[in-house]
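Below is one structure, written out as structure tokens; the observations come after it.
Numbers here are sequence positions counted from 1. Ligands are counted one by one from 1 in listed order, and the atoms in each one are counted from 1 as well. Computed from a predicted model, the values in this text were never measured in an experiment.
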Amino acid sequence: MEDKMTRVAIVDGDGIGHEVIPVAKNVLELLHPEYDFFPVDVGYHRWEQTGCPCADQDIAELKTADVILFGAITTPPMKDYQSVVLRIRKALDLYANLRPVKGEGFDIIIVRENTEGLYSGIEEIGTDKATTLRVVTRKGTERIVRSALQLAQQRTGRLTIGHKANVLKSDVLFRDICVVEAQLAGVSCNDRYIDALALDILQHPDRYDVVVTTNIFGDILSDVASYLVGGLGLVASANIGDRYALFEPVHGSAPDIAGKNIANPIAALRSAAMLLTYCGDKEGSGCIETAIQDVIAQGIRTHDLGGSAGTREFGEAVIRRLRKTGGYT
Ligand code: NAD
Ligand code: IPM
Ligand code: MN
């Protein structure tokens, strides 16, 4: 991708999105002043103001971007409210949700199917009964497992399938397709029931490399696995489709800490790093990660990591570090 052509949509969203995304955007602007950044304002706050959290025009604008940096959006558990996050993922067909969790002695990437499963949107709610259809298709499974296998081949060549095929027929299909695809690709694979896997990944993270799973299991497993690296403030994700790509922290809008300048911006910064890797700038991506590590090593940490630095102050320290060591001015 040619640098000067790169259009980056910036979506703060709600809650701490307004605090962590500006930190990540500042870093991207420092590393790539030639990028064309433009804001897209969607979220629950828009629904409160206008009754519409995300208009068709907003989706159309997002589609004009090469990449999207996304904060988080509040999804209230209301009967008639459609999640903006899910709408965007579906509208842009961002089927592969990559959630890396890396630390001392382990390097895991959770590959979560992002468009179907229990998030099919095929559901109904009555007074006494509500149902949600869990849809697993051959097409959806083949494309997600192929993404996972491609990653496995670039990494240590191991794949784990997380499922619940003992009770869910939809996961029998998911597991069987994954096994066949792994054999075809020549990648060694094993499978685990998702509940046992959620514990084992915490007890033996070194046993895992690429973990492929369905939508809601990947959602839960990635929050669980964030424990390994210090919590939700540190884990980033990429939502990749054949045409579009969106980068966002794994965490949500965190209304309990929003507006206090205490949120950890590392997940947003790592999302920006993943965005750069996608755009072909691996070096810039590495510089962001190194700067984060250096700042932590200097003892500058946000509250969730036991420190007292604010969101903005942490971001300023990262910028200083990049200017000093990366030569960015
Ligand atoms: P959450 O991830 O927002 O917060 C869970 C806990 O982690 C909270 O105690 C929060 O303070 C803490 N936390 C999260 N990010 C942090 C950070 N950067 N630094 C320090 N602490 C952090 O999850 P939730 O409370 O279950 O959800 C809140 C809202 O966010 C809900 O409306 C939910 O639907 C939405 N949500 C959105 C996304 C998204 O837009 N991709 C993702 C998850 C949740
Ligand atoms: C996530 C979130 C979303 C999800 C919600 C907000 C729709 O939890 O990105 O992890 O469940 O995918
Ligand atoms: Mn989640």
Side-chain angles (χ1 to χ4, degrees), residues 11-24 40 42-48 53-54 68-78 81-92 94-99 101 110-121 123 132 198 213-227 229-240 246-272 292 296 301-315:
V11 182
D12 284 3
D14 296 307
I16 61 168
H18 293 293
E19 299 164 65
V20 297
I21 291 302
V23 167
V40 179
V42 294
Y44 183 59
H45 66 280
R46 276 276 303 278
W47 182 85
E48 288 178 313
C54 175
I68 303 164
L69 180 67
F70 190 94
I73 288 185
T74 300
T75 307
M78 295 189 312
Y81 189 90
Q82 192 200 10
S83 162
V84 174
V85 182
L86 297 194
R87 178 162 172 220
I88 293 172
R89 287 178 190 160
K90 280 204 175 138
L92 277 57
L94 303 169
Y95 60 86
N97 188 192
L98 314 181
R99 298 187 154 188
V101 184
I110 296 166
V111 179
R112 166 193 184 193
E113 201 293 319
N114 219 17
T115 54
E116 51 182 40
L118 257 189
Y119 288 33
S120 66
E123 47 190 359
T132 300
T213 190
T214 49
N215 209 333
I216 203 166
F217 291 163
D219 180 30
I220 297 168
L221 191 66
S222 51
D223 273 32
V224 168
S226 79
Y227 180 75
V229 290
L232 281 170
L234 292 102
V235 186
S237 83
N239 297 261
I240 312 279
L246 180 152
F247 301 83
E248 61 173 346
V250 166
H251 66 68
S253 56
D256 54 338
I257 58 165
K260 297 181 178 161
N261 190 39
I262 57 173
N264 192 336
I266 292 178
L269 286 162
R270 286 183 168 152
S271 302
I292 291 169
I296 290 176
R301 291 160 205 215
T302 45
H303 287 252
D304 54 323
L305 298 183
S308 59
T311 311
R312 280 191 298 276
E313 290 66 33
F314 190 92

Any N/O of Arg99 closer than 3.5 Å to an N/O of ligand 2?
-> yes

Would Arg99 and Asp219 count as a side chain to side chain contact (heavy atoms under 4.5 Å, CB included) if you check the C-alpha gap in whole Å, the side-chain angles of each, and the deciding distance to 0.1 Å?
-> CA-CA 9 Å; Arg99 298 187 154 188; Asp219 180 30; 3.9 Å; yes

Of all protein heavy atoms, the one nearest atom 14 (C) of ligand 1 is His251 CB, 3.7 Å

Between Pro249 and Ser271, the two heavy atoms sitting closest are N-OG, 3.2 Å

Residue Asp223, metal the Mn ion (ligand 3), N/O/S under 2.8 Å = no

Atom indices of ligand 1 within 4.0 angstrom of Ala263 heavy atoms, with elements | 19 (N)

Provide, to 0.1 Å, the distance between atom 41 (N) of ligand 1 and the closest protein heavy atom, together with that atom's residue and name.
-> Glu248 OE1, 3.0 Å

Audit row: Leu234, Ser226, side chain to side chain contact (heavy atoms under 4.5 Å, CB included) steps and yes/no = CA-CA 7 Å; Leu234 292 102; Ser226 79; over 6 Å; no

What do you reckon, does Glu248 have a nitrogen or oxygen under 3.5 Å from a nitrogen or oxygen of ligand 2?
-> no

Between Gly252 and ligand 1, is there a nitrogen or oxygen pair with a distance under 3.5 Å?
-> yes

Please report which non-hydrogen protein atom sits nearest to atom 19 (N) of ligand 1, along with the residue it belongs to and the distance in Å to one decimal place.
-> Asn264 N, 2.9 Å

Quick one: does ligand 2 sit under 4.0 Å from the side chain of Arg87, the backbone, both or neither, non-hydrogen atoms only?
-> neither

Considering only protein heavy atoms, which is closest to atom 31 (C) of ligand 1, and at what distance to one decimal place?
-> Thr75 N, 4.0 Å

Numbered atoms and elements of ligand 2 in range of Tyr119, under 4.0 angstrom, heavy atoms | 4 (C), 11 (O), 12 (O)

Could you point out which residue of Asn215, Thr213, Asn239 forms a side chain to side chain donor-acceptor pair (under 3.5 Å) with Arg112?
-> Asn215

Any sub-3.5 Å donor-acceptor pair from Lys90's side-chain atoms to Ser120's backbone N or O?
-> yes

Sub-4.0 Å protein heavy atom near atom 21 (N) of ligand 1 = yes

Short list, please: which atoms of ligand 1 are under 4.0 Å from a heavy atom of Val85?
-> 39 (C), 40 (O)

For atom 44 (C) of ligand 1, state whether the nearest protein heavy atom is under 4.0 Å away.
-> yes

So, does Pro255 sit close enough to ligand 1 that a heavy atom of it is under 4.0 Å from the ligand?
-> yes

Residue, atom name and distance, where the atom is the protein heavy atom closest to atom 5 (C) of ligand 1 | Leu232 CD1, 3.8 Å

Atom 5 (C) of ligand 2: any protein heavy atom closer than 4.0 Å = no

Of the protein's non-hydrogen atoms, which lies at the shortest distance from atom 2 (C) of ligand 2, and what is that distance?
-> Asp219 OD1, 4.0 Å

Thr311 side chain to Ala263 backbone, donor-acceptor under 3.5 Å | yes

Does Asp256 come within less than 4.0 angstrom of ligand 1, counting non-hydrogen atoms of the residue?
-> yes

Heavy atom of protein closer than 4.0 angstrom to atom 36 (N) of ligand 1 | yes

Using distance alone, decide if ligand 1 has a nitrogen or oxygen within less than 3.5 Å of any nitrogen or oxygen in Ala254.
-> yes

Test log, rule side chain to side chain contact (heavy atoms under 4.5 Å, CB included), inputs Ile68 and Leu92 | CA-CA 11 Å; Ile68 303 164; Leu92 277 57; 3.5 Å; yes

Looking only at N/O atoms, are Arg89 and ligand 2 under 3.5 Å apart anywhere?
-> yes

Note the single closest protein heavy atom to atom 16 (C) of ligand 1, along with its residue, its atom name and the distance in Å.
-> Ile16 CD1, 3.9 Å

Would you kindly specify which portion of Leu86 sits under 4.0 Å from ligand 2, judged on non-hydrogen atoms: side chain, backbone, both or neither?
-> side chain

Only one of Asp304, Thr302, Ile257 forms a side-chain contact (heavy atoms from CB on, under 4.5 Å) with Ile262, so which one is it?
-> Ile257

Hey, is His303 touching ligand 1 through its side chain, its backbone, both or neither, going by heavy atoms under 4.0 Å?
-> neither

Looking only at distances, please establish whether an N/O atom of ligand 1 is found under 3.5 Å from an N/O atom of Thr74.
-> no

Is there at least one pair of N or O atoms, one from Ile73 and one from ligand 1, spaced under 3.5 Å apart?
-> yes

Contact bool for atom 24 (P) of ligand 1 (protein heavy atom, d < 4.0 Å) = no

By atom name, which N, O or S atom of Asp219 is the nearest to the Mn ion (ligand 3)?
-> OD1

closest protein heavy atom to atom 29 (C) of ligand 1 is Ser253 OG, 3.2 Å

Among Ile296, Leu305, Val20, which residue meets the side-chain contact (heavy atoms from CB on, under 4.5 Å) test with Phe314?
-> Ile296

